[in-house]
Amino acid sequence: MPDCVRHPGGIGTYPENVLHMKRTADRLFGNDLRWSVLGTGKNQLCLAAMSASMGGNVRVGLEDSLWLGRGTLAESNAAQVRQARQIIEGLGLEIANPNEAREILKLKGMSKVNF
(Lines give C-alpha, C1' and ligand atoms only; values in the text may rest on other atoms or scores of the structure.)
Protein backbone atom coordinates (compact mmCIF):
# COMPACT_ATOMS: atom_id res chain seq x y z
CA MET A 1 0.00 0.00 0.00
CA PRO A 2 1.35 3.46 -0.83
CA ASP A 3 2.34 5.85 1.89
CA CYS A 4 -0.54 8.18 2.64
CA VAL A 5 0.27 11.67 1.46
CA ARG A 6 -2.15 14.54 1.88
CA HIS A 7 -2.24 17.92 0.22
CA PRO A 8 -4.55 20.82 1.06
CA GLY A 9 -7.86 20.12 -0.65
CA GLY A 10 -6.93 16.52 -1.44
CA ILE A 11 -7.37 13.13 0.15
CA GLY A 12 -4.83 10.56 1.24
CA THR A 13 -3.57 8.04 -1.29
CA TYR A 14 -5.02 4.96 0.34
CA PRO A 15 -7.23 2.83 -1.94
CA GLU A 16 -10.04 3.06 0.62
CA ASN A 17 -10.10 6.84 0.19
CA VAL A 18 -10.40 6.58 -3.60
CA LEU A 19 -13.19 4.00 -3.22
CA HIS A 20 -15.01 6.25 -0.75
CA MET A 21 -14.80 9.25 -3.09
CA LYS A 22 -16.06 7.15 -6.03
CA ARG A 23 -18.99 5.75 -4.03
CA THR A 24 -19.87 9.25 -2.83
CA ALA A 25 -19.74 10.65 -6.38
CA ASP A 26 -21.95 7.79 -7.65
CA ARG A 27 -24.48 8.46 -4.89
CA LEU A 28 -24.55 12.22 -5.49
CA PHE A 29 -24.23 12.40 -9.28
CA GLY A 30 -25.34 9.02 -10.67
CA ASN A 31 -23.69 6.56 -12.99
CA ASP A 32 -23.22 8.93 -15.95
CA LEU A 33 -20.49 10.84 -14.14
CA ARG A 34 -17.13 11.26 -15.89
CA TRP A 35 -14.50 11.26 -13.18
CA SER A 36 -10.76 11.18 -12.89
CA VAL A 37 -8.01 11.01 -10.33
CA LEU A 38 -4.74 12.82 -10.25
CA GLY A 39 -2.00 11.96 -7.85
CA THR A 40 0.90 14.05 -6.72
CA GLY A 41 4.44 13.02 -6.05
CA LYS A 42 5.47 9.40 -5.91
CA ASN A 43 1.86 8.18 -5.83
CA GLN A 44 0.86 9.64 -9.20
CA LEU A 45 1.01 6.42 -11.23
CA CYS A 46 -0.37 4.24 -8.44
CA LEU A 47 -3.44 6.46 -8.24
CA ALA A 48 -3.72 6.49 -12.03
CA ALA A 49 -3.86 2.69 -11.96
CA MET A 50 -6.53 2.73 -9.25
CA SER A 51 -8.66 5.20 -11.18
CA ALA A 52 -8.38 3.31 -14.45
CA SER A 53 -9.19 -0.02 -12.81
CA MET A 54 -12.33 1.56 -11.28
CA GLY A 55 -13.53 3.02 -14.60
CA GLY A 56 -12.19 6.53 -14.13
CA ASN A 57 -9.96 8.70 -16.26
CA VAL A 58 -6.41 9.62 -15.34
CA ARG A 59 -4.22 12.66 -15.54
CA VAL A 60 -0.45 12.68 -15.21
CA GLY A 61 2.14 15.37 -15.71
CA LEU A 62 5.22 17.07 -14.36
CA GLU A 63 3.08 19.75 -12.73
CA ASP A 64 1.92 17.08 -10.25
CA SER A 65 4.97 14.84 -9.99
CA LEU A 66 8.58 14.87 -11.13
CA TRP A 67 8.90 11.10 -10.82
CA LEU A 68 8.60 8.26 -13.31
CA GLY A 69 9.31 5.57 -10.74
CA ARG A 70 11.27 4.97 -7.58
CA GLY A 71 14.44 7.02 -7.85
CA THR A 72 13.81 7.95 -11.50
CA LEU A 73 13.03 11.52 -12.48
CA ALA A 74 10.72 11.87 -15.47
CA GLU A 75 12.39 13.62 -18.37
CA SER A 76 9.06 14.88 -19.75
CA ASN A 77 5.28 14.78 -19.50
CA ALA A 78 5.38 12.40 -22.45
CA ALA A 79 7.40 9.89 -20.41
CA GLN A 80 4.74 9.93 -17.69
CA VAL A 81 1.96 9.58 -20.27
CA ARG A 82 3.75 6.58 -21.82
CA GLN A 83 4.06 4.98 -18.38
CA ALA A 84 0.38 5.61 -17.60
CA ARG A 85 -0.60 4.20 -21.00
CA GLN A 86 1.45 1.06 -20.32
CA ILE A 87 -0.29 0.59 -16.98
CA ILE A 88 -3.77 1.17 -18.44
CA GLU A 89 -3.22 -1.16 -21.39
CA GLY A 90 -1.72 -3.70 -18.98
CA LEU A 91 -5.11 -3.69 -17.26
CA GLY A 92 -6.69 -4.62 -20.60
CA LEU A 93 -8.21 -1.17 -21.09
CA GLU A 94 -8.14 1.09 -24.14
CA ILE A 95 -6.74 4.60 -24.41
CA ALA A 96 -8.83 7.32 -26.04
CA ASN A 97 -7.15 9.14 -28.90
CA PRO A 98 -7.17 12.98 -28.77
CA ASN A 99 -10.36 13.33 -30.81
CA GLU A 100 -12.16 10.72 -28.69
CA ALA A 101 -10.98 12.46 -25.51
CA ARG A 102 -12.33 15.81 -26.78
CA GLU A 103 -15.67 14.17 -27.52
CA ILE A 104 -15.82 12.39 -24.16
CA LEU A 105 -15.00 15.62 -22.31
CA LYS A 106 -17.17 17.75 -24.62
CA LEU A 107 -14.26 20.04 -25.53
CA LYS A 108 -14.34 22.34 -28.54
CA GLY A 109 -10.93 21.57 -29.97
CA MET A 110 -8.19 23.98 -30.93
CA SER A 111 -9.80 25.02 -34.23
CA LYS A 112 -12.88 26.36 -32.42
CA VAL A 113 -11.24 28.62 -29.87
CA ASN A 114 -9.72 32.06 -30.31
CA PHE A 115 -6.09 31.40 -29.38
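Taken from CG in Leu28 to CG in Leu33, the straight-line distance is 9.5 Å, to the nearest 0.5 Å. With rounding to the nearest 0.5 Å, the separation of CE in Met21 from OG1 in Thr24 is 6.5 Å. Rounded to the nearest 0.5 angstrom, Leu19 CG and Tyr14 OH are separated by 14.5 Å.
Taking Glu100 as the reference, nothing meets the salt bridge (charged side-chain N to carboxylate O under 4.0 Å, His left out) condition, with sequence neighbours excluded. In terms of the salt bridge (charged side-chain N to carboxylate O under 4.0 Å, His left out) criterion, residue partners of Arg85 (sequence neighbours excluded) are, by chain and number, Glu89. Under the rule for a salt bridge (charged side-chain N to carboxylate O under 4.0 Å, His left out), the partners of Arg82 that lie at least two apart in sequence or sit in another chain are Glu75.
Closest heavy-atom contact between Ile87 and Ala49: CG2-CB, 3.6 Å. Ile11 and Val18 make their closest contact through CD1-N, 4.1 Å (heavy atoms, listed as atom of the first residue, atom of the second, distance). A pairwise comparison of heavy atoms in Ile88 and Ile95 identifies CG2-CD1, 3.5 Å as the closest pair. Nearest heavy-atom pair across Ser36 and Val58 is CB-N, 4.3 Å.
Legend: side-chain hydrogen bond (donor to acceptor under 3.5 Å, both in side chains) pairs involving residues 44-56, not counting sequence neighbours, sorted by first then second residue: Gln44-Gln80. For the side-chain hydrogen bond (donor to acceptor under 3.5 Å, both in side chains) condition, the pairs that include at least one residue of residues 101-115, sequence neighbours left out, are Asn99-Arg102.
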Could you go through residues 62-70 and list every donor-acceptor pair under 3.5 Å that involves a side-chain atom there, pairing it with any protein atom two or more places apart or in another chain?
{"from": "Glu63", "atom 1": "OE2", "to": "Arg59", "atom 2": "NH2", "distance (Å)": "3.0"}
{"from": "Asp64", "atom 1": "OD2", "to": "Arg59", "atom 2": "NE", "distance (Å)": "3.4"}
{"from": "Asp64", "atom 1": "OD2", "to": "Arg59", "atom 2": "NH2", "distance (Å)": "3.2"}
{"from": "Ser65", "atom 1": "OG", "to": "Gly41", "atom 2": "O", "distance (Å)": "2.8"}
{"from": "Ser65", "atom 1": "OG", "to": "Trp67", "atom 2": "N", "distance (Å)": "3.1"}

Would Thr13 and Leu47 satisfy side-chain contact (heavy atoms from CB on, under 4.5 Å), going step by step from the backbone distance to the final call?
-> CA-CA 7 Å; Thr13 58; Leu47 285 168; 3.6 Å; yes
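Distance alone, capped at 3.5 Å, is enough to place a donor-acceptor pair between the Asn17 side chain and the Gly12 backbone.
Under the 4.5 Å side-chain contact rule for hydrophobic residues, Ile104 and Trp35 do not share a cluster.
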